[in-house]
Amino acid sequence: MTSKASDFIRDIIDADLESGKRTEVRTRFPPEPNGYLHIGHAKSICLNFGLAQQYGGTCNLRFDDTNPAKEDQEYVDSICADVRWLGFDFGSEALFASDYFEKFYEIAVSLIKRGKAYVCSLNEEEIRAYRGSLKDAGKDSPHRTRTVDENLDLFGRMRAGEFEDGAHVLRAKIDMRASNMKMRDPLLYRIRHQPHHRTGDTWCIYPMYDFAHPLEDAIEGITHSICTLEFENNRPLYDWVVANSGLSNVPEQIEFARLGLDYTVMSKRKLLQLVEQGHVSGWDDPRMLTISGMRRRGYRPEAIVRFCDLIGVSKNNSTVDMGKLEYAVRDDLNPIAPRVMAVLRPIRLTITNYEEGKSESLTVPFFPPDIGKPGEREVLFGKNLYIEATDFEEEPSKGFRRMAPGRWIRLRYGYCVRCDEAVKDEAGNVTEVRCTFDDSTLGGSAPEGEKVWGIIHWVNAADARSAEVRIYDRLFKSANPDAGGNFLDYLNVDSLETLKAFVEPGVLGEGVGPRFQFERQGYFIPDSVDSRPDALIFNRVIGLKDSWAKRDVEEPAKPIEHTKSARSVTRPKSRSKAEIRAAARERNRKLAERFARYQDVGLSEGDADVLSGSIAWGDRLEALATAGVSWELGAKWLLNEHPRDDDEPIPFASEASEFLAVIEASESRISTAAARALWTELAKERGSAEERIRSQGLEQVSDDASIQPIVDKVVADNPGKVEAYKGGKHALMGFFVGQVMRASQGKANAEKVKELLATALN
RNA sequence: UCGGGGUUCGUCUAAAGGCAGGACAUCAGUUUUUGGUACUGAUUAUAGAGGUUCGAAUCCUCUACCCCGAACCA
């Protein structure tokens, strides 16, 4: 069940394990019980529980129940059931943030005592106003300077219920001028006189997510706290809370991209709206991509897990093709669903030359040979059958390989019949086809000298069971219903089609099902809510791929239109780096002077711009120049190689100038790669370049005698590649060079290697 | 005083600075008593412009575009 594929999160974990930063992996899936789980949660569940399985760790199911106003036991129950149904084990029971409320409170008190939190009595609008905006710094709350005793007293009374909702809040004392607004004295506790679904009336103050979540993770010994991208801004606060909590475990928050799927909506709010406004029959409507909806629709958990496997994990903002989900579902069902016949849009087929009242029992397999599974059932064949209306065309269109007047076709597993005549109702619809059969064709042979146009399925009228069949289509017509305007405008009004069908009695057999493939149509399952033995109702799980039906229906897949969110339209545009540098020069005459001077000494305007854009960059260059390095050389190395996080420009100059002298003295002394690595190393650790080249054996080897054997070996080891190269795939030169470089531990002179390789390969 | 992320085939996702690979979708073909499955093949991508390098999707610079952040929601 666990994927072998890696992703950036697994890379981080591998590194953590390798470096000894972690010795185990503990994750958690932390839903708020305020809605039903959907396919997007499934991705997170598969990730978190999958990680635990893969690394032999644990994964907690923990409810983030810190907001009593929105939460409910109904959701807790459904979430637990859904996680279990997906096949993941969270131990004997789920955990709850509300179980830690007392601990949270203690930590809050401790924060107050250490002057790291205070009670703020501004009202909601005032708090917002004091917080500033994206472009403007906030300002300190007037209550920020309250004494510890005062804060303790107020906070105690908040808990005791002395105040109305909204009268006070507890805030962390961080920095109202932080450019990350999450750090502008975030709220930790608010007053809510509201019973909680688990703690009842015990509390009237509740912790905020940003306070509670990191503490929950720390308390539970979580190592990797995986959440979605929109929490990236919260990470510094997460780290602050953990660091100031006094808790010893320090979990690491890692963010990945939430799942986006075309032709659907994923937000809980919109899902709730669909349910409440009756656009669907409930959270478990088979058209909903909730876990419960997919379960009722007939998806198996295996298919969902497989899908999550297929889509991978990354930080890219992405929208997955619905076809991928459909593929996963079909691929899961194909090998396990027994085949039966059902006619969804029936018309009569009468075999005029078949004896009245006669019937033959045919033994037919549940699975086609390629599936290779045992099992068979009896199917009755008779004079009066039903076939699919869509399997007959009076005037067959081009490429139509089914029944038409005068054509022979085979009734699946039965005889071949020729259509003689179509009977229509007053409206002109074909209601019956009258045929002649050939009694020599049962085993598989064609009628003497005739072409058999195709094979169609059928059911015997005498013992057919009628059933309602529900055909589901995607809920939205638009690939991106979130695009703009009201998502409900994009609802697909034809997403549910109800059919009166006939199915063969085989579906009632013991020990088969519940999922079937109705041959040539799709996978079906009795509806778990509405179907009864005497009134069968089938859901279509998913249709078969149908390259005939889609020949002209399918609209050309148009790319998803991404429209800007309302927020991003109004979001202020920030200055570019270039603008910031220009502004810096305007403020600082010294920088302006450098900009002009650097261009005078021959640097390009672009290089001069960057190097005069901040004090640190210019100082580095000046120091290098003072140490005797040419402006151009200094600029080149500084710009291309210098670590961006270095904030000590001056002391590096002597190392750098020595380094540059050494490598300039003999161009082929060390390889470019080694030189680059060495520069970075010196920038960080200082030291003599000459000494390091010696001690680390970085000297480049350029003599044929040393390189030729390696070249020969690489060529000999890769005969296939050599052939491909000789065949014209010259891109493989990179592969060969890479191999030789690796074999020589990066010390071979690459130009030399290329030369020798070229000779060897031609 | 704005800050933080992101951009590789139509879609999703890989590639120690060294073969741009896989999956889905699409299109062909083979097999098939399912217009299914399976198999084979094909098409198609490094946002743009500069720079560093023997060699850049990967490092540097600039530009463009997308997403997130100003709930007493999570």
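Every value quoted in this text rests on a predicted model; they were computed, and no experiment measured them. In what follows, chains carry the letters A, B, and so on, assigned in the order in which the sequence lines appear, proteins first and then strands, with residues in each chain numbered from 1.
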Answer with base, sugar-phosphate or nothing: what part of the nucleic acid does Gln517(A) contact at a heavy-atom distance below 4.0 Å?
base
When we call it a touch if two heavy atoms are under 4.0 Å apart, what does Gly399(A) touch: a base, just sugar-phosphate, or nothing?
base
Surrounding NZ of Lys373(A) (heavy atoms of other residues, nucleotides or ligands, distance under 6.0 Å), is the total greater than 12?
yes
Pick base, sugar-phosphate or nothing for Gly166(A), based on heavy-atom distances below 4.0 Å to the nucleic acid.
base
The residue, Asn180(A) or Glu641(A), whose nearest nucleotide of RNA chain B is more 5′ is Asn180(A)
Side chain to side chain donor-acceptor pair (under 3.5 Å) between Arg520(A) and His457(A), intermediate numbers included
CA-CA 8 Å; Arg520(A) 304 209 300 135; His457(A) 62 274; 3.3 Å; yes
Base, sugar-phosphate or nothing for Arg131(A)? Non-hydrogen atoms, less than 4.0 Å.
sugar-phosphate
Base, sugar-phosphate or nothing for Ser604(A)? Non-hydrogen atoms, less than 4.0 Å.
nothing
Please work out if Lys752(A) contacts a base, only the sugar-phosphate, or nothing of the nucleic acid, heavy-atom cut-off 4.0 Å.
nothing
In whole Å, measure the gap between the P atoms of A47(B) and U13(B) for me.
14 Å
Can you work out whether Asn317(A) or Tyr209(A) has the more 5'-proximal nearest nucleotide on RNA chain B?
Asn317(A)
Regarding Phe400(A), tell me which of base, sugar-phosphate or nothing describes its non-hydrogen contacts under 4.0 Å with the strands shown.
base
Under 4.0 Å between any heavy atoms, over every strand shown, what does Ser318(A) touch: base, sugar-phosphate, or nothing? Just pick one.
sugar-phosphate
Would you mind classifying the nucleic acid contact of Arg575(A) as base, sugar-phosphate or nothing, using non-hydrogen atoms under 4.0 angstrom?
sugar-phosphate
Closest of G3(B), U26(B), C2(B) to the Asn233(A) side chain is G3(B)
With sugar-phosphate meaning primed atoms plus P, OP1 and OP2, does Leu310(A) contact a base, only sugar-phosphate, or nothing at under 4.0 Å between heavy atoms?
sugar-phosphate
For Leu639(A), report the nucleic acid contact type (base, sugar-phosphate, nothing); a contact means any heavy atom under 4.0 Å.
sugar-phosphate
P atoms of C62(B) and A28(B), separation to the nearest Å
48 Å
For Glu723(A), I'd like to know if atom CD has over 12 heavy atoms of other residues, nucleotides or ligands within 6.0 Å.
no
Can you name the residues that form a side-chain contact (heavy atoms from CB on, under 4.5 Å) with Asn233(A), not counting sequence neighbours?
Asn180(A), Lys182(A)
Categorize Tyr327(A) for me: base, sugar-phosphate, or nothing, with a 4.0 angstrom heavy-atom threshold over every strand shown.
sugar-phosphate
How long is the line joining CD1 of Ile371(A) and P of U32(B), in whole Å?
16 Å
Starting from Watson-Crick (N1-N3 plus N6-O4 or O6-N4) and G-U wobble pairs under 3.5 Å, report the runs of at least three that RNA chain B belongs to.
B:2-7 with B:64-69, B:10-13 with B:21-24, B:26-30 with B:38-42, B:47-51 with B:59-63
Taking any heavy-atom pair under 4.0 Å as a contact, classify Ser574(A): base, sugar-phosphate, or nothing.
base
Going 5' to 3' through nucleotides 16-21 of chain B, assign each nucleotide B (protein heavy atom under 4.0 Å from a base atom), S (under 4.0 Å only from sugar-phosphate atoms) or - (no protein heavy atom that close).
BBBBS-
Ignoring hydrogens and angles, tell me if any N or O in the side chain of His193(A) forms a donor-acceptor pair with the backbone of Phe163(A) under 3.5 Å.
yes
